[in-house]
Amino acid sequence: MHDIKYIRDNAGEFDKAMARRGLGAQSPAILALDEERRGVLTRLQEMQARRNDESRKIGEIKKSGGDASAQMEAVAAMKVDMAAMEGSVRDLEMKQSHILAGLPNIMGPDVPDGADESENVELRKWGEIKSLSGPDHVAIGEGLGLIDFETAAKMSGARFTLLSGPMARMERALVQFFLDTHTGEHGYTEVSPPLLVRDNALYGTGQLPKFSEDLFKIKKREEGKDKPDEVDLETGRTTMYARAATYENAWLIPTAEVPLTNIVAEMIVEEDTLPRRYAAFTPCFRSEAGAAGKDTRGMLRQHQFYKVEMVSVTAPEESAAEHERMTACAETVLRKLELPFRTIVLCSGDTGFGATKTYDIEVWLPGQETYREISSCSNCKDFQARRMNARMRSKGEKETRFVHTLNGSGVAVGRALIAVIENYYDQADGGVWVPEALKPYMGGLEKITV
RNA sequence: GGAGGAGUGGCAGAGCGGUUGAAUGCAACGGUCUUGAAAACCGUCGUGGGUUUACGCCCACCGUGGGUUCGAAUCCCACCUCCUCCGCCA
């Protein structure tokens, strides 16, 4: 959400920032609307002031036993005009906030210009690539009989995976390792948040209203429709989305960023309790509506995956440094896993809606002979805070300021599993070595073999 | 699912339909006192918005949205949320 005052005072700057997002000049329309809104508002308020005055007089007249019917009639006559103006103000306000809520965040000056992901800029590389190429996780996992896409598809459709045995355990081991590292060494507080959230939470982090098609929604069962007994006995199909009759219109979280960031929604936090650092392990649900046909092989892009997420809430002055720190925290777990990675800064065309600046960490995948995203760390500054009204107060200060929020994967568990499988593959026997860091979580197992 | 209760400022908690934006307490801030601090005392102290060069003036906000009224925190309706008890349940 953008500050209309900022746009009023910095229309040129604002339009330049939107131009970097590939948008035309936004301020003329916004400012015209704003002016109209304020014009009507001022006239309405003048009328309200007059009404209040008259009403007060009526009260006085009546108290002293006089006849106030003339005044009462006059005020009653004003009501028609006032109602119209109220409607018009509300209308204009809604139009305005609709426009403002739909515009992306202003990017940092140090974000490189570029049209798409091909123009992202590599910042650093780490690790020795031991296998430049090799079988992908699908071949390896199916060879071991521990990754099963067909069975998952049977019950759930495309973009689901079923892991079993030591492969399932390794996924859990990654989760444990990531969380233990971030809570034990990086100062994050572990959180186990709700996975179903309301509209306003998703609005706060910026997924709504623009990106609803990327999400899964729990729909209320309509009375008389979608009943469990309406399952078609021949096909076994039903149109029912959920049986939770008491819970309606919730969304499955696409990332723990949503519940974690919303912890501070509607709050005024004392500055000395900042930074707040939260880490959570959660499933993530994404419809992948815009990715049809993309990454269809394997478990790289799923409707459901696990992720350990980091969220920081900081004072405005601290967010840039926190961004670097958070990215380093994500890199650390990859270092400990000895997985080769590179860190890039996303160019203007690839930076997400709510971010001012985003670092992606990409891990080397021998099966694809390329680096693929495994973490994304963004500084949203006050963009989300404004939307969710998350503020802070400094010691001794009276006024509040919006906090800055940051989020980053620490890291995506499914993709980390892919990276381990492919980078620790032993072509001699088709097995997968267990990374040193994961051994404590694998009961000391050295290697996954047939 | 059934039956009740409640939503007011940073927090707690009052509030006959007519200067109530809202008592009181706590917290916070400024000051007096003190070597310093505490205590005590005095004072300040909600948010958002419009307008003004400025002092200021004005408007809105007591869960949300409607309604009644000349006038609503206060009355009516709907909704949302939270709490308690019962039932069911991992």
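Side chains included, hydrogens not; waters and symmetry mates left out as well; all remaining heavy atoms used. None of the values given here were measured: they were computed from a predicted structure. Proteins get letters first, then strands, A, B, ... in listed order; numbering begins at 1 in each.
The two residues Ser409(A) and Met310(A) come nearest to each other via the heavy atoms O-CE, 3.5 Å.
A27(B) makes up no base pair with any nucleotide shown, lacking Watson-Crick or G-U wobble contacts both under 3.5 Å. Taking a pair to require two hydrogen-bonding distances under 3.5 Å in either a Watson-Crick or a G-U wobble arrangement, U74(B) remains unpaired. As the counterpart of A38(B), no nucleotide is assigned, since no Watson-Crick or G-U wobble pattern has both distances under 3.5 Å. Pairing of C85(B), defined by two Watson-Crick or G-U wobble distances under 3.5 Å, is identified with G2(B). Under the Watson-Crick and G-U wobble criteria, each requiring two contacts below 3.5 Å, nucleotide G7(B) is paired to C80(B).
Using a 4.0 Å heavy-atom criterion, one finds that Arg386(A) contacts no nucleic acid atom at all. Backbone-only engagement by Arg38(A) is indicated by non-hydrogen atom pairs under 4.0 Å involving sugar-phosphate atoms exclusively. Within 4.0 Å (heavy atoms only), Leu41(A) reaches sugar-phosphate atoms of the nucleic acid but no base atom. Among the protein residues, Arg90(A) comes within range of the sugar-phosphate backbone only, with heavy atoms under 4.0 Å from sugar or phosphate atoms but none that close to a base.
The separation of A22(B) from G5(B), taken at their C1' atoms, amounts to 24 Å, rounded to a whole angstrom. Rounded to the nearest Å, the gap between the C1' atom of G46(B) and that of C62(B) is 11 Å. When the P atom is compared between C75(B) and C58(B), the two are found 29 Å apart, to the nearest whole Å. Nucleotides C26(B) and C83(B) are separated by 30 Å at their P atoms, to the nearest Å. Rounded to the nearest Å, the gap between the C1' atom of G43(B) and that of U47(B) is 23 Å. G67(B) and A73(B) are spaced 15 Å apart, taking the P atom of each and rounding to whole Å. Of the P atoms belonging to G31(B) and A37(B), the separation is 11 Å, rounded to the nearest Å. Taking atom C1' on both nucleotides, G49(B) is separated from G36(B) by 45 Å, rounded to a whole Å.
The side chain of Gln48(A) lies closest to C59(B) when the candidates are C59(B), G48(B), C70(B). Set against G48(B), G49(B), C82(B), the side chain of Arg198(A) has C82(B) as its closest nucleotide. Relative to the side chain of Arg8(A), the nucleotides G50(B), U47(B), C70(B) differ in distance, and G50(B) lies closest.
OP1 or OP2 of C59(B) has at least one side-chain nitrogen or oxygen of Asn52(A) nearer than 4.0 Å. Using a 4.0 Å cut-off, no side-chain N or O of Asn200(A) falls inside it from OP1 or OP2 of C80(B). For the OP1/OP2 pair of C45(B) and a distance below 4.0 Å, the side-chain nitrogens and oxygens of Arg393(A) include no atom meeting the criterion. For G49(B), the OP1/OP2 oxygens have a side-chain nitrogen or oxygen of Lys5(A) closer than 4.0 Å. Between Arg51(A) and the phosphate of A60(B), there is a side-chain N or O to OP1/OP2 separation shorter than 4.0 Å.
Rounded to the nearest 0.5 angstrom, Ser27(A) OG and Asp15(A) CG are separated by 3.5 Å.
Across the interface with RNA chain B, nearest-nucleotide mapping of Arg391(A) and Glu54(A) shows Arg391(A) to be the residue nearer the 5′ end. Residues Ile4(A) and Glu46(A) each lie close to RNA chain B; by heavy-atom proximity, the contact nearer the 5' end of the strand is made by Ile4(A).
Between the CE atom of Met47(A) and the C1' atom of G50(B) there is a distance of 16 Å, given to the nearest Å.
Without hydrogens or angle criteria, Arg20(A) side chain to Val111(A) main chain gives a donor-acceptor distance under 3.5 Å.
You'll find a donor-acceptor pair under 3.5 Å spanning the side chain of Gln45(A) and the base of G49(B), going by distance alone.
With a 6.0 Å cutoff to the six-membered ring centre and a 45° limit on the axis angle, Arg387(A) counts as a cation-pi contact of Tyr203(A).
Taking the six-membered ring for Trp and the full ring otherwise, the centers of Phe178(A) and Phe281(A) sit at least 6.0 Å from each other. In this structure, His404(A) has its ring center at least 6.0 angstrom away from the ring center of Phe383(A).
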ask   = Can you list the steps and then say if Lys95(A) with Asp34(A) is a salt bridge (charged side-chain N to carboxylate O under 4.0 Å, His left out)?
value = CA-CA 10 Å; Lys95(A) 253 187 221 163; Asp34(A) 185 49; over 6 Å; no

